[in-house]
Amino acid sequence: MALSPEFMQDLWVRKILSTIGHTLLVYDYFLTLKDEVEYIWNRPWTVVKVMFLINRYGNLIGQTSIRLEEAGLLSHGSQMFCNRFTFFTSCFMVLSTESIHIIVLMRAWAIWGTRKRVANILIWSYVSYVLVLTGTATYSMTTRHDQFLQLDVTHICIGGTPSYAWLICCGSFVLDTILFVLTMRSLQICSREFQCLYPSDLLHVLVRDAIVFFIFSTLSNALSTAAWTAYAHNPKHFIAKAFATPLLSVAGQRLVLNLRGLKGRAYTTQDLSCEVDRQLEAFAAADSPSRDDMGHPGSGQT
């Protein structure tokens, strides 16, 4: 069957954006490889380090697989393969985007300071969100058997998107906004109360990267929502997976590497004394009912 000019144009846009997303991810990988070796591989093993490496190399493998499929090298006209590939890309997108959120959240945890309750709630919210989305993708695969458009001609898995798919971005946007507000609030307090202890370049990098990551996260959600609503049964619906996801991954990985790469400063005896006092106050405030969940004075304290 001959392909219509409109279909060919939409497919061309999809391929271009997919290529841009993959190229950006690979290009940024080589740009930051030296920083990765210095600030990640040469540091002790932690949960953040493991999650960062899984996200970094999992994204490279996943996006390369998507790029090969978009080049028509994997499907070989198989509807079964396309069903499985659609399930794979759905789970990959969820794990890729939310794992980088959890990594950023664990970095923000250190910024917030004393209380773990809020961070624990947000971490488990993201984990629950991932489980719900993965379960939804699994249910959709077992109950829906879409016919992929023009598969015998294009050799590319061009399916559709469920009408409720845009709701996926709502939960992510709410959690991202809460994370951003709490982080900026803590940074504002740190910049006001501990100027003599924390170097200004540290606070500037933290504020800058928090804002950049929130912008990219919001842009990713907006692109995904637009693609899944305006192009639900159009080849361009795939740009949420092949273009928006790499953008978010690059922003999150850059944030982690920038934080790891910050140069430490030499502390004077007075600086160390201030830090010890702050830590003692934090421990004393841990059981204080007059403190909020961020470890700062409540409204009733005078």
Is F243 reachable from V26 through a run of I, L, V, M, F, W or Y residues, each pair having side-chain heavy atoms under 4.5 Å apart?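 Per the 4.5 Å side-chain linkage, V26 and F243 are co-clustered.
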Between W41 and L60, is there shared hydrophobic-cluster membership here, with clusters defined by ILVMFWY side-chain heavy atoms closer than 4.5 Å?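 Yes, one cluster joins them.
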With a 4.5 Å heavy-atom cut-off, do [X] and [Y] have their side chains touching?
X	Y	result
F148	N83	yes
L255	I103	no
M51	T46	no

Identify the two heavy atoms, one from [X] and one from [Y], that lie closest to each other, and give their separation to 0.1 Å.
X	Y	result
T86	T89	O-OG1, 2.9 Å
L25	Q63	CD2-CG, 3.6 Å
E69	R14	OE1-NH2, 4.2 Å

Are the side chain of T245 and the backbone N or O of A242 linked by a donor-acceptor pair below 3.5 Å?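 Absent.
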Keeping to residues at least two apart or across chains, list the disulfide (SG to SG under 2.5 Å) pairs with something in residues 8-48.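 Those involving residues 8-48 do not exist here.
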Pair [X]-[Y], side-chain donor/acceptor within less than 3.5 Å:
X	Y	result
T32	R56	yes
S18	K241	no
Q253	D28	no

Stepwise side chain to side chain contact (heavy atoms under 4.5 Å, CB included) test for F52 and L257: CA-CA 10 Å; F52 174 85; L257 290 173; 3.9 Å; yes
F85 vs F88 aromatic rings, parallel, tilted or perpendicular, using cut-offs 30° and 60°?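 F85 vs F88 ring planes: tilted.
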Give the ring-plane orientation class for F180 versus F214, where under 30° counts as parallel, over 60° as perpendicular and anything between as tilted.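 Parallel.
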Sequence-distant partners of C91, disulfide (SG to SG under 2.5 Å), two or more places apart: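 By the disulfide (SG to SG under 2.5 Å) rule, C91 matches no residue at all.
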To the nearest 0.5 Å, what is the distance between CZ on F92 and CD1 on I61?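 If I round to the nearest 0.5 Å, the distance is 9.5 Å.
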